[in-house]
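Single-structure report; data block below.
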Number of protein chains: 2
Amino acid sequence: MSEPPLRADARRNRTRILAAAVEVFDRHGTSASTEEVARCAGVAVGTVFRHFPTKADLLAAIMKDLQDRLATRAETLAAEGDPTALLTFFAEVVEHAVGARTVVHLLAVGGMDVGVDRQVAGLGKALDTLLVRAREAGTVRADVKLDEVIALLTAACHGALAAGWAPDLRHRTVARLLDGLRL
Amino acid sequence: MSEPPLRADARRNRTRILAAAVEVFDRHGTSASTEEVARCAGVAVGTVFRHFPTKADLLAAIMKDLQDRLATRAETLAAEGDPTALLTFFAEVVEHAVGARTVVHLLAVGGMDVGVDRQVAGLGKALDTLLVRAREAGTVRADVKLDEVIALLTAACHGALAAGWAPDLRHRTVARLLDGLRL
DNA sequence: TGACAACATGAGTGGCGACTCATAATTTGA
DNA sequence: TCAAATTATGAGTCGCCACTCATGTTGTCA
């Protein structure tokens, strides 16, 4: 069941490709070409396709990483015990998404779904923890559901990127969104 | 300066093409091919390009129509004098966008910008009227700006489509968004 | 009605992007 | 050090799409 270990150069290239993919897709969106990723990684196209048979596979690998990083951040915030952590996280993700289009892709693709989480530290689960804490502390309305929070976050990130909100407008808009969650 | 009148068949085809474009782009998004539009209009590709030299031109024509229709609807609501008209309009547009991807394109392209409105009945202007009425009636917070309303609307439409919210989630999410505007 | 201008047609062009594969270069284990 | 296995290379294939143009068709007006 386990794959034979990769050759040294193969392992190095795999890492470079992943890093390049993050950079390229963050900057130009997931519609950027695989050639662009290869160029950025200093590698030939064929090499990219050897490691990731499909562009979708490459994206999936990146999404997994991003998901984990966001989940970790959410867990850290939850551990700190601040009852406004949910709102903080929300704002942070939007700010992050502005410079990193992959975030939007993750959200659109349902990367926060709580349903099929085979990873131990699911992002959706972490968000839920944040939500429960906020509810208990009275930071958000008692009837706010997790899927609504995710939906609002998705909407905010999409809007911010698609419409290219200026920083000022972005901050005011996110504030309005959070107002809708608060008591 | 004025163009010579179109021949009868040309006028007929132009109408068909516009109708087909709305149908196709509403269903499949603006990335649908021009061939698809031609097929739907019962016309050859060349004919489409004769009337609209560029796909962008075709889109622009459609956007203009959509903009006018939305503006008219907003004005109608404003004329009726209901102080919650802004919220009604907001919800209506989101519902409309779910079945008509062109709406999202209009929003993403800045079709609601109040700035450069050479058309008499600007959509942005109509929305602003709605907003002023709502503010006066106390239906929304006094400090809500027009650009925030547009931003939230854009976000809602993008989110609803990109993430494919189910009707139930969609309604709850829009309600949350409107909560952020209300007192 | 005839003849010309306006219009329609659809196969063709060029460009792009995902993906392949024969060949060349590296790594590795003995 | 040296073969055998693994990996890298990049020109090439395939499909899609915006857009063109030589040719055929149709509306219009005298």
Side-chain angles (χ1 to χ4, degrees), chain A residues 1-64 101-102 104-105 108-109, chain B residues 1-64 101-102 104-105 108-109:
Chain A
M1 281 303 154
S2 73
E3 309 294 319
L6 287 179
R7 235 169 60 177
D9 54 345
R11 204 164 39 242
R12 193 178 55 237
N13 281 337
R14 192 173 204 284
T15 306
R16 281 185 186 167
I17 290 168
L18 282 173
V22 169
E23 181 170 338
V24 170
F25 292 144
D26 267 352
R27 193 181 334 259
H28 305 297
T30 55
S31 64
S33 72
T34 312
E35 286 240 18
E36 181 74 24
V37 172
R39 205 175 307 131
C40 179
V43 139
V45 226
T47 305
V48 175
F49 282 102
R50 160 171 274 270
H51 287 275
F52 306 94
T54 276
K55 184 176 176 177
D57 292 328
L58 176 55
L59 275 173
I62 288 183
M63 289 305 121
K64 182 68 179 55
R101 290 172 132 64
T102 51
V104 173
H105 187 261
V109 137
Chain B
M1 277 306 154
S2 74
E3 308 294 321
L6 286 179
R7 235 170 60 178
D9 56 344
R11 204 164 38 244
R12 192 178 57 237
N13 281 336
R14 192 173 203 284
T15 307
R16 280 185 188 167
I17 290 167
L18 281 172
V22 169
E23 180 170 337
V24 170
F25 292 143
D26 267 351
R27 197 186 326 264
H28 305 299
T30 56
S31 64
S33 73
T34 311
E35 286 240 15
E36 181 74 24
V37 172
R39 204 176 308 131
C40 178
V43 138
V45 226
T47 304
V48 176
F49 282 102
R50 158 173 274 271
H51 287 276
F52 305 95
T54 277
K55 184 176 176 178
D57 292 327
L58 176 56
L59 275 174
I62 288 184
M63 289 305 121
K64 181 69 180 54
R101 289 171 132 64
T102 51
V104 174
H105 188 261
V109 137

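Residue numbering restarts at 1 for every chain, and letters A, B, ... go by the order of the sequence lines. Atoms considered below: every heavy atom in the structure, side chains included; atoms not considered: hydrogens, waters and symmetry mates.
- In terms of phosphate contacts, B/His51 brings a side-chain nitrogen or oxygen within less than 4.0 Å of OP1 or OP2 of C/dA8.
- In this structure, NZ in B/Lys64 is found 15.0 Å from CG in B/Leu59, a value given to the nearest 0.5 Å.
- A/His28 places its NE2 atom 15 Å from the C1' atom of C/dG17, with the value rounded to the nearest Å.
- A/Ala32 comes within 4.0 angstrom of the backbone, heavy atoms only, and of no base.
- Taking every heavy atom of both residues into account, B/Val24 and B/Glu36 meet most closely at CG1-CG, 3.6 Å.
- Residues passing the salt bridge (Lys or Arg N to Asp or Glu O under 4.0 Å) test with B/Arg7, sequence neighbours excluded: B/Asp9.
- When the C1' atom of C/dA18 is taken as reference, atom CG of A/Asp57 falls 13 Å away, rounded to whole Å.
- If you measure from atom CZ of A/Phe52 to atom P of D/dA8, you get 11 Å, rounded to the nearest angstrom.
- Atom CD1 of residue B/Ile62 and atom CG of residue B/Asp26 lie 8.0 Å apart, to the nearest 0.5 angstrom.
- Interatomic distance, NZ of B/Lys55 versus CZ of B/Phe25, reported as 5.0 Å (0.5 Å rounding).
- Here the side chain of B/Thr54 pairs no donor or acceptor atom with the backbone of B/Asp57 at under 3.5 angstrom.
- Distance from the side chain of A/Ser33 is smallest to C/dA18 among D/dT9, C/dA18, C/dA8.
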For this session: Going 5' to 3' through nucleotides 25-30 of chain D, assign each nucleotide B (protein heavy atom under 4.0 Å from a base atom), S (under 4.0 Å only from sugar-phosphate atoms) or - (no protein heavy atom that close).
Result: -BSS--
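- Here the SG-NE2 distance, from B/Cys40 to B/His28, works out to 8.5 Å after rounding to the nearest 0.5 Å.
- How far NE2 of A/His105 is from CZ of A/Arg101: 12.5 Å, rounded to the nearest 0.5 Å.
- Heavy-atom distances to DNA chain C give each of B/Gly42 and B/Pro4 a nearest nucleotide, and the one nearer the 5′ end belongs to B/Pro4.
- Per the geometry, CD belonging to A/Glu36 stands 17 Å off C1' belonging to D/dG10, to the nearest Å.
- Atom pair B/Asn13:CG and C/dA6:C1' shows a separation of 12 Å (rounding to whole Å applied).
- We find that CZ of A/Arg50 is positioned 5 Å from P of D/dT7, with the value rounded to whole Å.
- Atom-to-atom, CZ of A/Arg16 to C1' of D/dT7 comes out at 14 Å; the value is rounded to the nearest Å.
- Distance check, rounded to the nearest 0.5 Å: CZ of A/Arg14 to CZ of A/Arg50 gives 12.5 Å.
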Pairs under 3.5 Å (N/O, protein and nucleotides 19-24 of chain D):
unit_1 : atom_1 : unit_2  : atom_2 : d
D/dC19 : OP2    : B/Lys55 : N      : 2.8

